[in-house]
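Take a look at the structure set out below.
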Amino acid sequence: MTETATHTPAPPRRPLRQLLAASVGNAVEWYDWYAYTFLATHIARQVFPAGASNSMVPLLSTFAVFAVGFFMRPVGGLLMGAIADRRGRRTALTATILLMGGSSLLVALTPTYMSVGVLSPVVLVTARLLQGLSVGGEFAASTTFLVESAGPGRRGLFSSFQYVSTSIGQLAASGLAALLVTALPEDAMNTWGWRAPFLLGAVLSLAGFWIRRGAEETLTTDPAQAAPRPGLFDALRHHPRASLLIGGITAGGTLAYYTWTSYLPTYAELETGMAKEDALLAGTLSLALFALLQPIGGLLSDRFGRKPSLLFFGLGFAVLAVPLLHALDGSFLTLLLVQCAGMVLLTGFTSISAAVNAEVFPARVRAAGIGFPYSLTVALFGGTAPYIGTLLQDLDVPGLFAWYVAALCLCSSAVYLRLPESAHKPLDR
């Protein structure tokens with residue numbers, strides 16, 4: 001069956017409104033997602049029974065559920081990406097934020113292991129699977145929406161707001177977690193305090209849904225042409241090289257990103273015995289710097305190209321990941337400096353990730369084409385970072401984790417060297 005072909009029109013007439021719609025919704029999505037990471041140790045005590053001979057079992061189990069959520073992201077990227085390519089970017093964006101709100105509410109209402117036994121982790125896993133589905137779809141749709149909303153010579157700048165809004169969401173989750181840990185007694189934190197951020201996330205999701213409904217669609221119908229709608233696997237079938245390229249571009253970046261923004265506070269606690277409150281504060285301050293750096297990175301790439309930025313990130317981490325992680329000594333200042341140094345390097349990747357991905361695929365299959373390989377790579381390397389780091393700590397070889405980060409960033413750098421420059425070419429519309 002055929003219908004009028006879809007095509008990407010010229011950039012919307014109100015790009016700043018588009019930027020707000022994508023950014024606000026994305027911030028809410030990632031607030032929900034990261035709240036789980038920052039409260040992992042409290043969730044572990046309530047949902048997973050401690051191993052009789054190993055106190056690491058609850059935390060390992062909680063990070064395993066973190067990884068499980070990531071493995072739903074490729075499914076979300078594929079399904080929601082296909083919806084975005086067939087029904088429009090705005091339709092997919094409103095669906096993802098409602099799904100995230102529902103899953104956040106489910107986390108908040110998860111019963112404890114003591115009260116319902118094995119049903120407790122089952123409920124938590126279900127909530128994380130739904131969150132993974134939502135986040136995978138969010139990146140596919142919002143990446144495409146942001147870049148298609150940009151005017152000439154501004155794709156890198158608009159792309160950078162993907163991680164500006166992600167960082168705002170993460171800052172909100174981190175700040176609220178730090179406030180709760182500081183203000184509440186341990187018993188209150190373990191019983192009801194960890195649930196509060198997820199209840200708030202469900203409410204914020206409704207606000208994000210309302211804002212996104214007023215956005216301008218960037219995918220429209222062209223009455224002059226007729227073509228079948230893109231199939232679910234059209235991007236993989238017709239653009240296999242582009243799909244592999246997305247994986248190579250993303251592998252090192254996602255591992256470094258989740259190591260520095262999510263796992264490093266826990267790594268510092270386990271490796272050096274740093275107090276949780278100090279680790280969370282260092283993470284919050286470095287994330288604020290990270291958010292401020294993103295538009296600068298995007299603007300630089302619009303002027304000088306994508307490859308220099310990507311190589312700055314990849315080669316920087318290949319050389320510095322090991323000395324940076326080995327420099328941690330239990331002091332607050334050292335952790336803050338290590339995190340800030342990593343954030344500067346990461347900006348070379350994160351500020352332009354959305355633009356680079358969007359420039360790889362044609363408009364017809366752009367959202368699904370980005371969504372599946374990107375989310376699969378994130379699941380394989382980003383989602384497993386906390387678990388692998390904690391496992392290596394448990395096996396008494398924590399130093400190997402830094403070498404793992406450096407090696408993968410070096411592999412991605414080899415991909416960047418062969419990547420054609422796309423900053424100054426017109427976007428396929």
Side-chain angles (χ1 to χ4, degrees), residues 8-24 26-27 89 139-168 215-216 218-219 242 245-246 248-250 252-254 256-257 288-317 342-363 366-367 369-370 374 409 412-413 415-429:
T8 308
R13 290 168 296 178
R14 302 177 67 181
L16 292 180
R17 183 176 179 178
Q18 301 290 97
L19 203 57
L20 177 64
S23 298
V24 170
N26 197 47
R89 319 310 192 198
F139 187 88
S142 65
T143 291
T144 307
F145 180 83
L146 268 174
V147 177
E148 290 175 351
S149 296
R154 286 291 180 265
R155 294 198 301 267
L157 175 61
F158 270 58
S159 168
S160 70
F161 280 86
Q162 182 83 32
Y163 279 92
V164 170
S165 54
T166 297
S167 299
I168 290 172
E216 184 179 342
T218 62
L219 190 73
L245 192 60
I246 294 290
I249 291 168
T250 305
T254 187
Y257 176 76
L289 171 66
F290 183 67
L292 293 173
L293 289 173
Q294 298 310 296
I296 298 173
L299 285 169
L300 288 173
S301 81
D302 282 333
R303 182 179 180 115
F304 300 109
R306 315 293 188 221
K307 287 181 69 171
S309 295
L310 292 171
L311 288 170
F312 169 75
F313 152 73
L315 295 177
F317 262 102
M343 297 307 190
V344 172
L345 294 174
L346 265 173
T347 298
F349 170 78
T350 53
S351 64
I352 60 172
S353 174
V356 172
N357 290 337
E359 288 161 357
V360 167
F361 281 96
R366 181 169 288 138
I370 293 170
Y374 175 87
C409 288
S412 283
S413 295
V415 176
Y416 305 152
L417 281 170
R418 298 180 58 85
L419 194 67
E421 183 56 69
S422 57
H424 306 122
K425 295 179 181 178
L427 185 68
D428 174 72
R429 298 187 180 277

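- Proximity of Val344 to Phe312: side-chain heavy atoms (C-beta onward) are separated by under 4.5 Å at one or more points.
- For Val360 against Ala242, the heavy-atom pair with the smallest separation is CG1-CB, 3.3 Å.
- Between Val147 and Phe158, the closest side-chain pair of non-hydrogen atoms is not below 4.5 Å.
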Let's go through Thr350 and Thr166 carefully: what are the C-alpha distance in whole Å and the side-chain angles of both, what is the deciding distance for side-chain contact (heavy atoms from CB on, under 4.5 Å) to 0.1 Å, and is it a yes or a no? CA-CA 10 Å; Thr350 53; Thr166 297; over 6 Å; no

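- The closest donor-acceptor contact from the side chain of Glu421 to the backbone of Arg306 lies under 3.5 Å.
- For Phe317, the ring-ring contact (aromatic ring centres under 6.0 Å, His included) partners two or more places apart in sequence, or in a different chain, are Trp260, Phe313.
- When all heavy atoms are compared, the tightest approach of Ser160 to Pro295 is OG-CA, 3.4 Å.
- In this structure, the separation between OG on Ser167 and CG on Asn26 is 10.0 Å, given to the nearest 0.5 Å.
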Show, in sequence, the C-alpha distance, side-chain angles and deciding distance for Ser149 and Leu146, and conclude whether the side-chain contact (heavy atoms from CB on, under 4.5 Å) test is met. CA-CA 5 Å; Ser149 296; Leu146 268 174; 5.9 Å; no

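- Of the inter-residue distances, the one linking Ile370 atom CD1 with Thr144 atom OG1 reads 4.0 Å to the nearest 0.5 angstrom.
- When side chains are defined from C-beta on, Phe349 counts as touching Ile249, because their heavy atoms get closer than 4.5 Å.
- Using modelled atom types, one side-chain atom of Ser165 and one backbone atom of Gln162 make a donor-acceptor pair closer than 3.5 Å.
- Summarising the geometry of Ile352 relative to Gly297, their closest heavy-atom pair is CG2-O, 4.2 Å, with the distance given to 0.1 Å.
- Checking each of Lys307, Arg155, Glu359 against Ser422 for a side chain to side chain donor-acceptor pair (under 3.5 Å) leaves exactly one that passes, namely Glu359.
- Considering all non-hydrogen atoms of both residues, Ser301 and Ser309 come closest at CB-OG, 3.9 Å.
- Closest of all the heavy-atom pairs between Ser412 and Gly252 is OG-N, 2.9 Å.
- Looking at residues two or more places apart in sequence or on another chain, you find a ring-ring contact (aromatic ring centres under 6.0 Å, His included) between Tyr257 and Tyr163.
- Here the CZ atom belonging to Arg366 is positioned 14.0 Å from the CZ atom belonging to Phe145, to the nearest 0.5 angstrom.
- For Gln18 (side chain) and Glu216 (main-chain N/O), a donor-acceptor pair under 3.5 Å exists by modelled atom type.
- The side-chain heavy atoms of Ser23 and Val164, taken from C-beta on, include no pair separated by under 4.5 Å.
- Judged by distance alone, the side chain of Ser413 and the main-chain N or O of Leu311 form no donor-acceptor pair under 3.5 Å.
- Atom OG1 of residue Thr347 and atom CD of residue Gln294 lie 4.5 Å apart, to the nearest 0.5 angstrom.
- With values rounded to the nearest 0.5 angstrom, Thr250 atom OG1 is found 6.0 Å from Tyr374 atom OH.
- Across every non-hydrogen atom of Leu293 and Met343, the tightest pair is CD1-O, 4.2 Å.
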